[in-house]
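Take a look at the structure set out below.
Whatever order the structure lists them in is the order used to number ligands and atoms, beginning at 1. Since the model is a prediction, treat every value here as computed from it, not as a measurement.
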Amino acid sequence: MSKISGVKGMNDILPGQVEVWQHVERTAREVFSRFGYGEVRTPTVEDTALFVRSVGEETDIVGKEMYTFEDKGGRSLSLRPEGTAPAARAYIEHSVLNQEPLTRWFYMGPMFRYERMKTGRYRQFHQIGAEAYGSKEPAQDVEIMDAVVQLLQKLGLTDVSLNVNSLGDEACRPAYQEKLVGHLRAHVDELCADCKVRLERNPLRVLDCKQERCQQIALAAPSILESLCEPCRAHFGDVQRKLGALGIKYEVNHRIMRGLDYYTRTTFEFIAAHPVLGTASTVGGGGRYDKLMKSLGGPDVPAVGVGIGLDRLCILLQEGGQRFSQPTQLFIAVADEGSADEALVLASRLRREGLRVELDTRGGSLKSQMKRADKVGATYTLVLGERERQSGEAQLKPMAGGDPRPVKLAELAQELRASGTPAA
Ligand code: HAM
């Protein structure tokens, strides 16, 4: 029979690796809940129109990278390429604004983009996202960035820099767009075919084209920061002042355009210095999107959010070489056939009491069972045979070396806890 492989760019996460993921997820849950963010879970599949209207038709994400298909009822559906639009849809659908004026949500889960894959860039990847609805104030932008800073610190990922920018709003962006179009028209013959179309339909998107020549032209484009209107300038100034007040280091970078259409005013990216990620070094990005809700048929609610690349955080943590798995506390080896049932009962009882216990259900020689104990990295082993069953006592052997010590089977759980092995 021929072998069926997994889909290109979509990874399995096996035990041994998954502990890093669980550690990051646990830490993110803790940090975001400290900031008052509640978890929201939305479906993996949405109406295609949701992403076309929010992320934007001229973006690479919608134009080239979306997994879109027709269901049996003839509806056009897409695997979500990001989490902001689905969360916004849910917010509108459940009339959340009527229940509270300020809402903070976070989410985690797989997203899908048909991208060229490399280390840190996959077709199924995972985001931790956070969105705050109802505050137009710079304090909210800064709160979101602070949460990411605290998450990264708690994970020990300190070599990450924060870049901030402002994209202006409907009052000042048209003037910038005009300047940009002027610059791009001077190079129109050199632009790629897609960018020629973008120049007419959505010139800002030329700035995040991945073609080398288009990137060179984008590099020489005028800075959006010089075109900000007074309210946008004041907002951006306040964001920077508040970041300073929190002692968060940042750089202003007028090239943070973000590749999605819904942003207004603040945008930001967290960029890791470690070489393992290469050009996939952006571990998180986000910004304000004050006009999105209304454009999706919802209320006029300002919002700001962030998306963090879980896969990328895990790669960085794995590079750090830390161990996250919890070892088996006790391995029970069975000395004779007649003790097998008793070993099963003993293991079951200890697990019920919260300990991580293994035995080899295949049976086999004591030697092969001990090999297994070694393989699973058990902290202690214990041999159960006729003699131990009769006396109710066995030898507890530390696998790291040292002398075995006698222990009463009835007191095993207390004994293991007292010896400092962490409970599950
Ligand atoms: P984004 O910049 O497209 O923003 O994605 C956020 C993060 O997801 C990136 O910084 C990166 O770490 C990770 N990421 C993106 N694509 C891939 C990929 N193909 N493979 C691995 N990781 C990837 C958004 O998605 C916005 N929804 C963020 C946001 C939330 N803005 C406001 N609220």
Side-chain angles (χ1 to χ4, degrees), residues 8-11 13 21 24 28 32 37 40 42 46 50-51 54-56 59-62 64-67 79-89 91 103-133 140-141 143-145 147-148 151-152 157 160-165 167 205 208 210 256-272 274 276-293 302-316:
K8 192 173 169 197
M10 304 199 181
N11 300 319
I13 307 159
W21 287 71
V24 178
F32 281 112
Y37 288 69
V40 61
T42 62
E46 298 274 357
L50 174 67
F51 301 111
S54 56
V55 175
T59 61
D60 276 355
I61 296 176
V62 168
K64 296 182 180 169
E65 297 168 357
M66 225 157 41
Y67 284 86
L79 298 183
R80 60 179 181 197
E82 60 101 54
T84 305
R89 187 221 17 92
Y91 177 89
T103 299
R104 294 179 171 97
W105 282 355
F106 80 93
Y107 50 83
M108 295 179 192
M111 310 286 159
F112 303 83
R113 296 181 193 173
Y114 193 83
E115 288 202 74
R116 282 170 82 96
M117 37 160 313
K118 59 183 286 295
T119 303
R121 192 186 298 131
Y122 308 109
R123 292 182 175 170
Q124 173 173 320
F125 62 100
H126 302 77
Q127 277 186 359
I128 302 170
E131 316 285 349
Y133 311 107
Q140 191 60 63
D141 311 27
E143 177 191 278
I144 287 258
M145 289 186 251
V148 181
L151 171 61
L152 294 172
L157 299 173
V160 176
S161 55
L162 169 60
N163 281 214
V164 295
N165 190 23
L167 298 187
R205 293 284 68 93
D208 36 55
K210 291 173 185 123
I256 303 294
M257 305 308 288
R258 300 285 302 119
L260 301 98
D261 277 354
Y262 47 62
Y263 293 112
T264 47
R265 295 194 165 169
T266 316
T267 54
F268 57 87
E269 280 182 1
F270 287 87
I271 299 159
H274 200 292
V276 67
L277 289 174
T279 54
S281 59
T282 307
V283 291
R288 184 161 274 289
Y289 49 97
D290 293 342
K291 300 293 157 201
L292 178 65
M293 289 293 185
V304 57
V306 66
I308 303 163
L310 184 47
D311 309 68
R312 294 183 186 178
L313 293 187
C314 291
I315 290 171
L316 290 174

> R80 side chain to P110 main-chain N or O, any donor-acceptor pair under 3.5 Å?
Replying inline: yes

> Between V306 and ligand 1, which residue portion shows a heavy-atom distance shorter than 4.0 Å: side chain, backbone, both, or neither?
Replying inline: backbone

>> For V306, run the side-chain contact (heavy atoms from CB on, under 4.5 Å) check against L151, I128, V148, D141 and tell me which one passes.
In response: V148

> Y262: heavy atom below 4.0 Å from ligand 1, yes or no?
Replying inline: yes

>> Please list the nearest protein heavy atom to atom 33 (N) of ligand 1 with its residue and the distance rounded to 0.1 Å.
In response: E131 OE1, 2.8 Å

> Counting only N and O atoms by type, is there a donor-acceptor contact under 3.5 Å from the side chain of N165 to the main-chain atoms of F268?
Replying inline: no

> Which of the atoms in ligand 1, numbered in the order shown and given with their element, are less than 4.0 Å from a heavy-atom of V283?
Replying inline: 10 (O), 12 (O)

>> Heavy-atom distances under 4.0 Å decide this one: backbone, side chain, both or neither, for F270 against ligand 1?
In response: neither

> For atom 7 (C) of ligand 1, what is the nearest protein heavy atom, given as residue, atom name and distance?
Replying inline: G307 O, 3.5 Å

>> Using only atom types and a distance under 3.5 Å, with no angle test, would you say the side chain of R312 pairs donor to acceptor with the backbone of T282?
In response: yes

> Can you list the ligand 1 atoms lying under 4.0 Å from a non-hydrogen atom of E82?
Replying inline: 25 (O), 26 (C), 27 (N)

>> Does either side chain, that of Y262 or that of T84, offer a donor lying less than 3.5 Å from an acceptor on the other one?
In response: yes

> Do any heavy atoms of R258 fall under 4.0 Å from ligand 1?
Replying inline: yes

> How does E269 reach ligand 1, by side chain, by backbone, by both or by neither, if only non-hydrogen atoms under 4.0 Å count?
Replying inline: neither

> Closest non-hydrogen protein atom to atom 13 (C) of ligand 1, residue and atom name please, with distance?
Replying inline: G309 CA, 3.7 Å

> Any idea which protein heavy atom is nearest atom 30 (C) of ligand 1, and the distance to it?
Replying inline: T84 OG1, 2.9 Å

> For residues Y37 and E143, is any side-chain donor paired with an opposing acceptor at under 3.5 Å?
Replying inline: yes

> Is Y107 close to ligand 1, meaning an N/O of one under 3.5 Å from an N/O of the other?
Replying inline: no

> Out of R113, R121, Q127, R116, whose heavy atom is nearest to atom 8 (O) of ligand 1?
Replying inline: Q127

>> Can you report which non-hydrogen protein atom sits closest to atom 20 (N) of ligand 1, along with the distance?
In response: Y122 N, 3.0 Å

> Of the choices F268, Y114, Y263, F125, which has the non-hydrogen atom that lies closest to atom 14 (N) of ligand 1?
Replying inline: F125

>> Parallel, tilted or perpendicular, judged at 30° and 60°: which one describes the rings of Y133 and W105?
In response: perpendicular

> Should Y289 be counted as touching ligand 1, given the test is an N or O pair under 3.5 Å?
Replying inline: no

> Which ligand 1 atoms are under 4.0 Å away from a heavy-atom of G286?
Replying inline: 31 (N)

> For the side-chain contact (heavy atoms from CB on, under 4.5 Å) test, which of D311, N11, L310 pairs with F125?
Replying inline: D311

> Can you tell me the protein heavy atom closest to atom 9 (C) of ligand 1 and the distance?
Replying inline: T282 O, 4.0 Å

> Which of the atoms of ligand 1 are close to G285, meaning less than 4.0 Å from one of its heavy atoms?
Replying inline: 10 (O), 28 (C), 29 (C)

> After noting the C-alpha distance and the side-chain angles of E65 and K210, does the key distance pass the salt bridge (charged side-chain N to carboxylate O under 4.0 Å, His left out) rule?
Replying inline: CA-CA 13 Å; E65 297 168 357; K210 291 173 185 123; 3.4 Å; yes

> Between the candidates G120, S281, A132, which shows the shortest non-hydrogen contact distance to atom 21 (C) of ligand 1?
Replying inline: G120

> With a 4.0 Å cut-off on heavy atoms, does G129 reach ligand 1?
Replying inline: no

